[in-house]
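In this chain, residues are counted from 1 in sequence order.
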Amino acid sequence: SRPSQASRRVMSAALQPADYAVLGCHAALSVAVGLFAGRKKASSKDYFVGGRKMGQTTIAVSLISGICSGISYLGVPGYTFTDGLGFLFSALNYVFACGFAAYAIVPFFHRLGLYTAYEYLELRFSRGVRTAAAAVFVLRVLLYLSIVLCAPAIVLDTLTPLPAWAAILVSGSIATVYTIKGGMLAVVWTDFLQSLVMVLFAIVAIIVITVKVDGGVSGVFGTMHNTSRLVDGAFFEVHVTTPPREDFWSMVIGYTFLSLGQLATDQIAVQRYMSAASEHACRRAVQLNGLVQSLFTVLLCYIGFALYAFYRQHDAVDPVASGAIDSADALFPYFTLTEMPQGLAGLLIAAVLGSSMSVFAGGVNAAATCIYVDIVSNALQRPSAPSKAVGTTRNISFVLSVVAIGCSFLASQYHGLVKLGAIATAMCSPLLGVFLLGLFFERAAPRGTMIGFALGLIVVVYLAAASIACSENCEGILAVADINTFWLGLIGCTVTVVCGLLCSLALPTVQPEFLVGLTFWTRSHAGLHSYRQEDRAVAEHEVASLVN
């Protein structure tokens, strides 16, 4: 259950004018940055990929809030508070995932000059594969965005008299306005601002909590050691089924596939990479993003360790166990309000609320663009007239926002943002498998890939359903689905690739001339820019119609 009304009133009374002043200034600055960045009339290139002139540092930093958002900001400290040091090793996955993506995947898309990642799938396979991938992306984004809105709901529900449902409605409604205004330049620069606020507050929180812990940093890890919160030999054993604590291999290998799908083939991230000025800048942006995401994860994990040490040392009642808060996800904002100086509670609300709304706006914008360009205009062959295309896309954005807000009401009833986030991210894994088939396996055929994609989705949905439905051990039809959540990415991708290849072996071989410039092995062959010129011309017309 949520904190009692009396408890909520006591907490909200502690909010000082300085907190509201910080929150108001942050909101005004966020709006000003978004409006200023998108003040000029945009061409199709400006609208979708920021004119391909964004700096690599800006792109990499903006993805802190663009990918992590309030989910990690609240979920990771809460997760490490309850589960210990293990999650810290997940920071390695960003280095591996972004390293591979920077070398083999993302620059390839930039070289092709794509606006949506799924446009490549029609060039490599067929219109059907492109449409199916776009549809799955839209469904995944709706699930992901419903979780994104839970983060500010937790903060506002903990720190203010505003109940969770109202917090979701308010933050989602404000984000809808950002979505309709749209534009990649505005999204990137707004997210850049939100990312700086998130990092700044995390650093301030680390300093404050560490000072309050007896012994400082050594006291934090000493307390962790004395209470057996550090890793042991069992942590380095492989646990495919759900263990009491996660293991090293799921944190590194399993989570790498989750991150690779989200950071290398998901339209939300790819669209930002495509805004880089050159292929070299694109590659550097991906690499820098891996480093930034890793360091940010370390900061959030340490906050959870330090909070555990603080409450353990001071014999304070565990806020989760006492019922002061209903889950560990609310621990960070609870500590901020009760232990940190005035004004910082407002900064925390600003960081989580602003970043979550930015992700919501960017995700809905990407999904609406995908629906119009990849499905309505391409698959259904029903493009709007240039004068009505923008209105059509805005209507799609509005409907998507309403659906995502509705899904948030349901997601808010399930506690554990990290687990829900991993499940939402796992939906990227079959899509990752499709892209890997296209890029690295010349033998992969359209129908075989479609079959592998369908089977990968079925497996991931089945395992994700078990993760949500089973609190401890699965029984009945879900008895064999008791799988560690962080392995879902590897499982979904592997099923898609293996089944797709096996099915393709029974189908006619794809003619080499249809693969020119479309695989990793033929990426430098002549004819790349002339391949299917007619298809490119149609795509350019569809994209241009969105902003005319």
Side chains of residues 256-263: which donor-acceptor partners sit under 3.5 Å, not counting sequence neighbours?
{"residue": "Thr256", "atom": "OG1", "partner": "Val252", "partner atom": "O", "Å": "2.3"}
{"residue": "Ser259", "atom": "OG", "partner": "Asn93", "partner atom": "OD1", "Å": "2.3"}
{"residue": "Ser259", "atom": "OG", "partner": "Tyr255", "partner atom": "O", "Å": "3.2"}

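Classified by interplanar angle (parallel below 30°, tilted 30° to 60°, perpendicular above 60°), the ring pair Phe109/Phe435 is perpendicular. Ring pair Phe89/Phe236 is perpendicular by interplanar angle, where above 60° counts as perpendicular and below 30° as parallel.
Checked by atom type and distance alone, the side chain of Trp249 never pairs as donor or acceptor with a backbone atom of Gly254 at under 3.5 Å. Panel note: side chain Ser377, backbone Tyr372; a donor-acceptor pair is recorded below 3.5 Å. Side-chain atoms of Ser275 come within 3.5 Å of backbone atoms of Arg272 as a donor-acceptor pair (strictly under, hydrogens ignored).
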(message) For Tyr118 and Leu121: C-alpha separation, side-chain torsions, deciding distance, then whether side-chain contact (heavy atoms from CB on, under 4.5 Å) applies.
(response) CA-CA 5 Å; Tyr118 314 108; Leu121 297 179; 4.2 Å; yes
(message) Working note: Asn289 + Tyr273, criterion side-chain hydrogen bond (donor to acceptor under 3.5 Å, both in side chains); need CA distance, chi angles, decisive distance, verdict.
(response) CA-CA 10 Å; Asn289 179 45; Tyr273 296 140; 3.2 Å; yes
(request) Check step by step if side-chain contact (heavy atoms from CB on, under 4.5 Å) holds for Gln287 and Cys98. (result) CA-CA 6 Å; Gln287 293 170 337; Cys98 288; over 6 Å; no
(message) If you apply the rule side-chain contact (heavy atoms from CB on, under 4.5 Å), what do you find for Asp374 with Phe137, and how did you get there?
(response) CA-CA 11 Å; Asp374 292 321; Phe137 164 74; over 6 Å; no
(request) Assess whether side-chain contact (heavy atoms from CB on, under 4.5 Å) is satisfied between Leu300 and Phe87, documenting all intermediate values. (result) CA-CA 10 Å; Leu300 295 180; Phe87 195 83; over 6 Å; no
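Between Cys370 and Thr116 the shortest side-chain heavy-atom distance does not fall below 4.5 Å. Side-chain contact between Leu85 and Thr80 is absent, with no heavy-atom pair separated by less than 4.5 Å. Here the side chains of Leu400 and Ile371 are in contact, with some heavy-atom distance below 4.5 Å. Between Val497 and Leu501, the closest side-chain pair of non-hydrogen atoms falls below 4.5 Å. Put simply, the side chain of Asp266 does not reach to within 4.5 Å of the side chain of Leu431, judged on heavy atoms. Under the 4.5 Å side-chain criterion, counting only non-hydrogen atoms from C-beta, Ile253 is not in contact with Phe248. Thr519 places a side-chain heavy atom less than 4.5 Å from the side chain of Arg124. Taking the side chain as every heavy atom from C-beta outward, Met274 and Val106 approach each other to under 4.5 Å.
Note that the CZ atom of Arg111 and the SG atom of Cys282 stand 9.5 Å from one another [nearest 0.5 Å]. Interatomic distance, Leu88 CG to Ser90 OG, rounded to the nearest 0.5 Å: 7.0 Å. Once rounded to the nearest 0.5 Å, the distance linking SG of Cys499 with CD1 of Ile458 reads 10.0 Å. With values rounded to the nearest 0.5 angstrom, Leu112 atom CG is found 6.5 Å from Leu518 atom CG. Atoms OG and CD1, from Ser408 and Ile168 in turn, are 5.0 Å apart once rounded to the nearest 0.5 Å. Atom CG in Leu149 sits 10.0 Å away from atom SG in Cys407 (nearest 0.5 Å).
Heavy-atom minimum distance, Gln271 versus Ala366: OE1-CB, 3.7 Å. Ala445 and Leu507 make their closest contact through CB-CD1, 4.2 Å (heavy atoms, listed as atom of the first residue, atom of the second, distance). The two residues Ala404 and Leu145 come nearest to each other via the heavy atoms CB-CB, 4.2 Å. Closest approach of Arg130 to Glu122, counting heavy atoms only: NH1-OE1, 2.6 Å. Heavy atoms only, all atoms of each residue included: Ala264 and Val270 are closest at O-CG2, 3.4 Å. Shortest non-hydrogen contact noted between Val364 and Ser397 is CG1-O, 3.5 Å.
Within 6.0 Å of OH on Tyr103 lie no more than 12 heavy atoms contributed by other residues, nucleotides or ligands. Annotation for Phe398: atom CZ does not count as buried by contact number, only 12 or fewer foreign heavy atoms lying within 6.0 Å. Atom CZ of Arg284 has 12 or fewer neighbouring heavy atoms from other residues, nucleotides or ligands inside a 6.0 Å radius.
Between the side chains of Thr297 and Ser294, no donor-acceptor pair of N or O atoms lies under 3.5 Å.
For the salt bridge (charged side-chain N to carboxylate O under 4.0 Å, His left out) test, no residue two or more places apart in sequence or in another chain qualifies with Arg447.
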